[in-house]
Amino acid sequence: MSTKFSTTYPGKEALTAFFNQHGIKQVECLFADVSGYPRGKLMPAHSFAAAAELRIAEAINMQAITGEYSYDPVFPDADPDVRMVPDYSTIKLVPWSSVPRAMAIHDCTQLNGDTCEFNPRVILKQVVERYKAKGLTPVVAPEIEFYLTAANVDPNQALVSPVSRGGRPEVGQSAYSLNMLNELAPFWDEFRDALDILGVVSDTWIHESGESQYEINLMHGDPVDVADQAFLFKYAAKEIAIKHGINAVFMAKPISGQAGSSMHIHQSVVDAAGKNIFSNADGTESALFRHYIGGLQAYIPDMMMIYAPFINSYRRFVENSQAPVNLQWGVDNRTAGLRIPISSPAARRVENRIAGADANPYLAIAATLAAGLAGLEEGLTPSEPIVGNGYEHGHDLARGYQASLAQMTNSASARRLLGANFVQGFVSVKELEYQNFLNEISAWERRYLAPQA
């Protein structure tokens with residue numbers, strides 16, 4: 001179902017007719033929090049149609065993955081409300097609901113109309129507006145990897161592959177296997193139908209190198225629209241997997257010894273005439289193309305926490321695994337953090353391979369676009385492109401959570417590119433999550449330290 005509505009309020013009559021047509025009594029009013037997790041309220045359809053005001057505590061935007069809240073001074077002590085404002089173009093049917101239900105993605109605004117500085121979708125929209133002010137339009141396309149695992153009721157136990165149609169879990173590496181892509185057909189059939197209903201436009205589907213690991217490429221388009229699709233993609237995968245007794249897992253490194261899961265972000269920029277500014281009229285790469293890469297190399301390190309937001313995220317950055325460990329760039333080179341796919345001049349683009357599948361798509365896209373735009377504005381010069389094995393150039397990304405957190409906490413450029421209050425709030429949430437992690441005693445510690453320490 002493609003929505004009939006524009007972004008603005010279509011009127012009570014039109015919405016009521018739509019809800020009546022589909023027997024809808026409730027609307028999921030949702031947004032992505034700082035971790036990309038869907039939060040919001042369930043609203044009666046008749047109230048939504050009447051444009052009834054909907055509020056939520058501003059702090060919900062910045063709820064830690066543990067469910068806790070930071071008391072950093074950047075957050076008002078009064079814990080005030082913000083207004084949830086629907087984007088009516090995002091109204092969809094909820095495919096997995098047991099009763100007819102609709103959903104709509106919302107932005108959060110202050111009650112006085114000011115921007116909510118902590119809402120990830122709003123932050124991405126602000127970055128896109130900076131491009132538009134220069135007569136430019138960014139274009140993005142994410143590639144999202146994830147695992148399907150058996151149900152896991154005990155977090156002390158490792159995740160394992162689900163039993164498939166052959167009667168046993170998948171073993172071995174089956175990259176690009178069509179047989180393995182046909183496993184778990186009931187889930188895939190329902191998931192594909194759900195994506196059609198949600199308006200998530202995918203390109204190719206593949207089985208990745210990990211056991212029961214998959215990758216779906218979304219079609220390129222407007223950054224906010226594509227981020228919405230990535231957000232709904234993850235929401236749908238998790239809900240429908242549970243219906244089939246399995247889990248869809250977007251952790252960056254969910255299974256020891258298996259491949260990590262990424263969210264590669266392809267990006268280009270077009271001018272007011274629709275021309276790709278990364279290419280000259282004769283088809284050669286433009287100076288702006290290099291400036292954009294220069295911006296990525298200069299500013300991604302300070303925003304590493306956006307691309308790798310959790311303790312587990314840093315387990316993915318393993319040398320000789322096609323996971324990036326530096327910000328070298330090269331043509332058709334998967335050992336580099338920034339890959340330039342071979343393409344026509346009109347399709348010249350940069351593939352940012354840093355982000356994990358666990359990254360918030362709104363924030364990951366906002367961060368990479370903000371870095372690239374800074375490179376354009378400042379005329380930055382990148383390193384020379386590499387040829388051959390990118391791992392030979394060393395591991396110059398932050399090696400762990402603490403180093404990445406410290407770098408973003410002390411970064412003036414991150415605050416300039418994403419907003420000072422957002423960055424302060426973000427790092428305070430990440431510090432809270434780290435302190436919570438320190439309270440957990442791991443199997444590794446029990447295995448080696450208990451008998452020997």
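Heavy-atom basis, side chains included; hydrogens, waters and symmetry copies ignored.
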Does R39 have more than 12 heavy atoms from other residues, nucleotides or ligands lying within 6.0 Å of its CZ? yes
So do E145 and M263 actually touch side chain to side chain, heavy atoms under 4.5 Å? no
Working to the nearest 0.5 Å, report the span between CE of M62 and CD of Q424. 9.5 Å
Is the closest side-chain donor-acceptor distance between Q63 and D33 under 3.5 Å? no
Check whether any side-chain heavy atom of P10 lies under 4.5 Å from a side-chain heavy atom of L15, and answer yes or no. yes
Using modelled atom types only, decide if a donor and an acceptor are shared between the side chain of D189 and the backbone of P186 within a distance under 3.5 Å. no
Under 3.5 Å: donor-acceptor pair, side chain of D114, backbone of T109: no
Taken to the nearest 0.5 Å, the spacing of K430 NZ from Y401 OH works out to 5.0 Å
Side chain to side chain contact (heavy atoms under 4.5 Å, CB included) evaluation trace for L111 with R83: CA-CA 6 Å; L111 299 184; R83 184 176 290 111; 4.1 Å; yes
Below 4.0 angstrom, N of the basic side chain to O of the carboxylate: do E28 and K41 qualify? no
Does a sphere of radius 6.0 Å around CD in E440 hold more than 12 heavy atoms from other residues, nucleotides or ligands, not counting ones at 6.0 Å or beyond? no
Exceeds 12 heavy-atom contacts within 6.0 angstrom, atom NZ of K275: yes
Identify the two heavy atoms, one from S70 and one from L432, that lie closest to each other, and give their separation to 0.1 Å. N-CD2, 3.8 Å
Under 3.5 Å, is there a donor-acceptor pair between the side chain of S47 and the main chain of M43? no
Under a plain distance cut-off of 3.5 Å, with no hydrogens placed, do S279 and R348 share a side-chain donor-acceptor pair? yes
Looking at I277, N276, I340, V269, which one forms a side-chain contact (heavy atoms from CB on, under 4.5 Å) with F289? I340
Aromatic ring proximity F48/Y88, centre distance under 6.0 Å: yes
With distance as the sole test, does Y235 use its side chain to make a donor-acceptor pair with the main-chain N or O of A230 at under 3.5 Å? no
Just to verify, what does K132 make a salt bridge (Lys or Arg N to Asp or Glu O under 4.0 Å) with, not counting sequence neighbours? E129
Verdict with reasoning, I240 to F187, per side chain to side chain contact (heavy atoms under 4.5 Å, CB included): CA-CA 7 Å; I240 293 171; F187 162 79; 3.8 Å; yes
Take Y299 and R416, measure what side-chain hydrogen bond (donor to acceptor under 3.5 Å, both in side chains) needs, and give me the verdict at the end. CA-CA 11 Å; Y299 294 117; R416 175 169 56 87; 3.1 Å; yes
So, for G40 and I56, which heavy atoms are closest and what is the spacing to 0.1 Å? CA-CD1, 4.1 Å
Of all heavy-atom pairs between Y9 and A49, which one has the smallest distance, and what is that distance? OH-O, 2.6 Å
Spacing of M103 atom CE and I197 atom CD1 [to the nearest 0.5 Å]: 10.5 Å
Which heavy atom of G36 sits nearest to which heavy atom of N360, and what is that distance? N-ND2, 3.2 Å
For the backbone of R165 and the side chain of E183, can you confirm whether one donor and one acceptor N or O come within less than 3.5 Å of each other? yes
Ion pair R121/D87, N-O distance below 4.0 Å: yes
Donor-acceptor contact below 3.5 Å, side chain S404 vs main chain M305: yes
Within the distance-only criterion (no hydrogens, no angle test), does the side chain of S313 pair as donor or acceptor with the backbone N or O of F310 below 3.5 angstrom? yes
Could you check N119 against Y362 for side-chain hydrogen bond (donor to acceptor under 3.5 Å, both in side chains), going step by step and ending with a plain yes or no? CA-CA 9 Å; N119 182 254; Y362 296 102; over 6 Å; no
Quick check for you: to the nearest 0.5 Å, what is the distance between S202 atom OG and F191 atom CZ? 8.5 Å
Using every non-hydrogen atom in the two residues, find where A151 and N247 come nearest and quote the distance to one decimal. CA-ND2, 3.8 Å
Distance in Å, R130 CZ paired with L376 CG, rounded so as to fall on 0.5 Å steps: 12.0 Å
Determine whether M84 and L30 make a side-chain contact, defined as any pair of heavy atoms from C-beta on separated by less than 4.5 Å. no
Does R101 qualify as a cation-pi partner of W96, given the criterion of NZ or CZ under 6.0 Å from the six-membered ring centre and within 45 degrees of its axis? no
Rounded to the nearest 0.5 Å, how far apart are CG of L373 and CD of E378? 9.0 Å
Over 60° means perpendicular and under 30° means parallel, so classify the ring planes of Y434 and F437, tilted if in between. parallel
For N152 and Q157, run side-chain hydrogen bond (donor to acceptor under 3.5 Å, both in side chains): C-alpha distance rounded to whole Å, both residues' side-chain angles, the deciding distance at 0.1 Å, then the answer. CA-CA 8 Å; N152 180 271; Q157 300 301 314; over 6 Å; no
Closest approach of D81 to Q110 (non-hydrogen atoms, all atoms of both residues): O-OE1, 4.4 Å
Is the number of heavy atoms from other residues, nucleotides or ligands under 6.0 Å of D77 CG greater than 12? no
Between F5 and F18, does the ring centroid distance fall short of 6.0 Å? yes
I'd like to check F19 versus V27 (side-chain heavy atoms, cut-off strictly below 4.5 Å). Are they in contact? yes
Could you check whether any side-chain N or O of Q267 sits under 3.5 Å from a backbone N or O of I265, counting only pairs where one atom can act as donor and the other as acceptor? yes
Between Y37 and F31, ring centroids under 6.0 Å: no
Counting heavy atoms not belonging to Q21, are there more than 12 under 6.0 Å from its CD? yes
Go through the steps for F75 and F118 under the test ring pair (Phe, Tyr, Trp, His ring centres under 6.0 Å), then give the verdict. CA-CA 10 Å; F75 299 115; F118 305 113; 5.0 Å; yes
With a 4.5 Å heavy-atom cut-off, do L181 and I206 have their side chains touching? no
Report yes or no: does T90 contribute a side-chain atom to a donor-acceptor pair with the main-chain N or O of I105 at less than 3.5 Å? yes
Less than 4.5 Å apart, side chain to side chain, heavy atoms only: is that true for L218 and D203? no
Centres of the H207 and Y214 rings: under 6.0 Å? yes
More than 12 heavy atoms of other groups within 6.0 Å of Y71 OH: no
Look at atom NE2 of H244 and say whether more than 12 heavy atoms of other residues, nucleotides or ligands are closer to it than 6.0 Å. yes
Would you say the side chains of R349 and Y292 form a donor-acceptor pair under 3.5 Å? no
Tell me whether Q229 contacts the main-chain N or O of V201 through its side chain, where contact means a donor paired with an acceptor under 3.5 Å. yes
Check the pair S261, Q213 against side-chain hydrogen bond (donor to acceptor under 3.5 Å, both in side chains), reporting the backbone distance first and the verdict last. CA-CA 8 Å; S261 291; Q213 185 191 32; 3.2 Å; yes
Find out whether P223 and L124 are in side-chain contact, i.e. whether some heavy atom of one side chain is under 4.5 Å from a heavy atom of the other. yes
L327 and L397, any side-chain heavy atoms less than 4.5 Å apart: yes
